[in-house]
Amino acid sequence: MGVLEKLTAIPGVLEYNGARIQLLDLPGIVEGASQGRGRGRQVVAGTAYSLRLYQTRLADGFLVAKTADVIIVMLDATKSLEQKKLLEIELDAVGIRLNKRKPDVVFKKKTGGGITINATVKLTKIDEKSIRTILQGYKIHNCDLMIREDITVDEFIDVLLGTRKYIPCLYVYNKVDSISLEEVDRLDFLMDMIWEYLNIVKIYTKKRGAHPDLTDPVCLRKGASIEAVCNSIHRSLVPNFKYALVWGKSSRFAPHAQKVSLNHVVQDEDVVCIFTK
C-alpha cells in the first residue's frame with residue numbers, strides 16, 4: 001500500500017451474469033491518510049477498488065468510494081492483519097463504514113415540542129440521559145427519535161450526522177504465491193462473492209407483442225420497484241405510466257403475467273412489459 005505521486009484511477013468493466021460492472025482501481029492508503037498525509041484525502045475519497053453497476057450515462061469524473069456499491073480492499077498476504085485494521089481506521093475517519101448496516105433509528109427534527117425518545121428494544125449501550133446530552137451538544141432541542149435496535153454512542157452520532165456511508169467490503173489478498181494455501185481463505189469464488197455483495201437483481205424488458213430482450217438486462221438493487229425500472233429506462237415513463245405486466249418470481253400468477261402498479265417489487269430475472277397512457 002503506497003502513495004502514488006499521481007493520483008490516477010484505472011477504470012475497467014467486468015462482464016458477469018449478463019451485467020456490466022464498473023471497476024475503478026485507485027492508489028493505496030498510508031496511515032494518516034484521512035488527515036491528508038501523502039495526499040491521503042484524495043486517495044481515501046476513491047480508495048481501493050470501488051465497484052458499481054455500469055450505467056449508460058456516467059457522471060463526470062471518477063466515481064469515489066462513497067458512491068460505490070462494493071469496495072474491494074487489496075491486502076499483502078505476507079504482512080500482518082495490522083494493515084487491515086489501519087485501513088479500516090482511515091476509512092472510518094472519513095465516514096465510510098465497512099460491512100456495517102445503517103442503524104435502525106428514525107431521527108426527525110422539528111420546530112418545537114422538545115425531544116421525544118421512543119425505543120422498541122432495551123438499550124444497554126446508551127441511555128436516555130446520554131442521548132439528550134449528545135443532542136444538546138449538537139444543538140438539537142426539538143426532535144423525534146424512534147430507536148429500533150440496541151445502538152452504541154458512536155452509532156447514534158452517525159445517525160445525527162447523516163453523512164455516513166455503509167458499504168459492503170471484500171478483502172482480497174495478493175502475493176498468495178508467497179504463502180501456503182492454509183494461510184488464506186479460498187478465493188476461487190471471488191466473482192460470485194462480488195456479485196452477492198452487489199445485492200442486485202436483473203430485470204429483462206419486452207415490447208408489446210415481442211420476445212423479451214435477454215441480452216441487456218436492467219440491473220437494480222434488491223427491493224426495487226417497477227418505478228425504479230421505469231426510471232432506469234427513461235424518465236418520461238413514470239409520468240405516463242398506465243400499468244405493467246410482470247412475468248417471473250414476483251408474479252402472483254407465475255408462470256403467467258401479473259398486471260401491476262409502480263409500487264410492485266420486482267425479483268431477479270423478472271420480465272417486465274410497460275404500458276403508457
Side-chain angles (χ1 to χ4, degrees), residues 34-36 41 44-47 50 52-53 55 59 63-71 88-169 197-201 220-232 235-241 243-244 250 260-267:
S34 59
Q35 281 73 47
R41 289 190 180 277
V44 171
T47 187
S50 54
R52 68 180 290 116
L53 301 181
Q55 304 294 336
L63 299 170
V64 296
K66 281 192 174 183
T67 63
D69 296 303
V70 174
I71 292 176
E88 291 172 343
I89 290 171
E90 296 301 328
L91 295 178
D92 192 86
V94 295
I96 297 176
R97 305 290 184 257
L98 299 180
N99 292 331
K100 295 180 180 178
R101 60 182 181 84
K102 187 176 180 180
D104 192 1
V105 178
V106 179
F107 167 62
K108 184 179 180 181
K109 287 185 179 181
K110 56 186 182 181
T111 57
I115 297 172
T116 302
I117 302 173
N118 292 297
T120 59
V121 297
K122 183 179 180 180
L123 301 179
T124 63
K125 304 169 186 175
I126 190 173
D127 55 27
E128 184 173 332
K129 182 179 178 180
S130 299
I131 291 173
R132 292 184 181 275
T133 300
I134 294 170
L135 288 171
Q136 289 175 3
Y138 282 92
K139 298 181 180 180
I140 300 172
H141 306 293
N142 300 283
C143 71
D144 288 329
L145 272 175
M146 174 61 74
I147 304 174
R148 299 191 179 116
E149 68 173 278
D150 190 13
I151 58 172
T152 64
V153 171
D154 289 338
E155 288 173 333
F156 179 60
I157 292 174
D158 284 348
V159 170
L160 297 183
L161 293 175
T163 58
R164 303 315 189 214
K165 299 297 180 181
Y166 301 86
I167 305 175
C169 175
Y197 273 50
L198 281 171
N199 198 32
I200 59 176
V201 294
L220 301 166
R221 287 284 193 182
K222 285 185 180 178
S225 64
I226 290 292
E227 182 175 0
V229 176
C230 292
N231 287 329
S232 67
R235 60 185 179 183
S236 66
L237 288 178
V238 171
N240 298 305
F241 181 85
Y243 65 90
S250 72
V260 299
S261 66
L262 286 171
N263 296 326
H264 179 81
V265 176
V266 293
Q267 295 188 35

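Just the heavy atoms: all of them, side chains too, but no hydrogens, waters or symmetry mates, feed the values below.
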NZ of K165 to OG1 of T163: how many Å apart, nearest 0.5 Å?
8.0 Å
Roughly how far apart are F107 CZ and D158 CG, rounded to 0.5 Å?
13.0 Å
Validation row: S225, N263 side chains within 4.5 angstrom (heavy atoms):
no
How many angstroms lie between CD in E155 and CZ in R101, if you round to the nearest 0.5 Å?
8.5 Å
Taking the side chain as everything from C-beta on, heavy atoms only, tell me whether K100 gets closer than 4.5 Å to Y166.
yes
Test item: I167 and R97 side chains (from C-beta on) under 4.5 Å apart, heavy atoms
no
Heavy-atom pair with the smallest gap, counting every atom of I200 and K222
O-CE, 3.9 Å
Applying side-chain contact (heavy atoms from CB on, under 4.5 Å), can you list everything that pairs with Y243, at least two apart in sequence or on another chain?
L245, K259, F275
So how far is it from I71 CD1 to L91 CG, rounded to the nearest 0.5 Å?
6.0 Å
Can you name the side chain to side chain donor-acceptor pair (under 3.5 Å) partners of D150, sequence neighbours left out?
T124
Please output the side-chain donor-acceptor pairs of residues 125-132 that fall under 3.5 Å, not counting sequence neighbours, one pair per line with the distance.
residue: D127; atom: OD1; partner: K129; partner atom: N; Å: 3.4
residue: D127; atom: OD1; partner: S130; partner atom: N; Å: 2.8
residue: D127; atom: OD1; partner: S130; partner atom: OG; Å: 2.7
residue: E128; atom: OE2; partner: R132; partner atom: NE; Å: 3.1
residue: E128; atom: OE2; partner: R132; partner atom: NH2; Å: 3.1

Using the side chain to side chain donor-acceptor pair (under 3.5 Å) criterion, which residues pair with E227? Sequence neighbours excluded.
none
Quick check: closest heavy atoms across E149 and K102, and the distance to 0.1 Å?
OE2-O, 4.2 Å
Which heavy-atom pair separates C230 from F241 by the least distance, and what is that distance?
SG-CD1, 3.9 Å
So do the side chains of V266 and I226 get within less than 4.5 Å of each other, counting heavy atoms only?
yes
Specify the closest pair of heavy atoms between S232 and V229, including all atoms of both residues, with the distance to one decimal.
OG-O, 2.7 Å
State, yes or no, whether a side-chain contact exists between F156 and L123 at a heavy-atom distance under 4.5 Å.
no
Quick one: does R148's side chain get under 4.5 Å of V106's, heavy atoms only?
yes
Work out which heavy atom in L98 is nearest to a heavy atom in C169; give both atom names and the distance.
CD2-CB, 3.8 Å
Are C143 and L135 close enough that some pair of their side-chain heavy atoms sits under 4.5 Å apart?
yes
Contacts of type salt bridge (charged side-chain N to carboxylate O under 4.0 Å, His left out), residue E88, not counting sequence neighbours
K84
Side chains of residues 108-120: which donor-acceptor partners sit under 3.5 Å, not counting sequence neighbours?
residue: K110; atom: NZ; partner: D144; partner atom: OD1; Å: 2.9
residue: T120; atom: OG1; partner: I147; partner atom: O; Å: 3.4

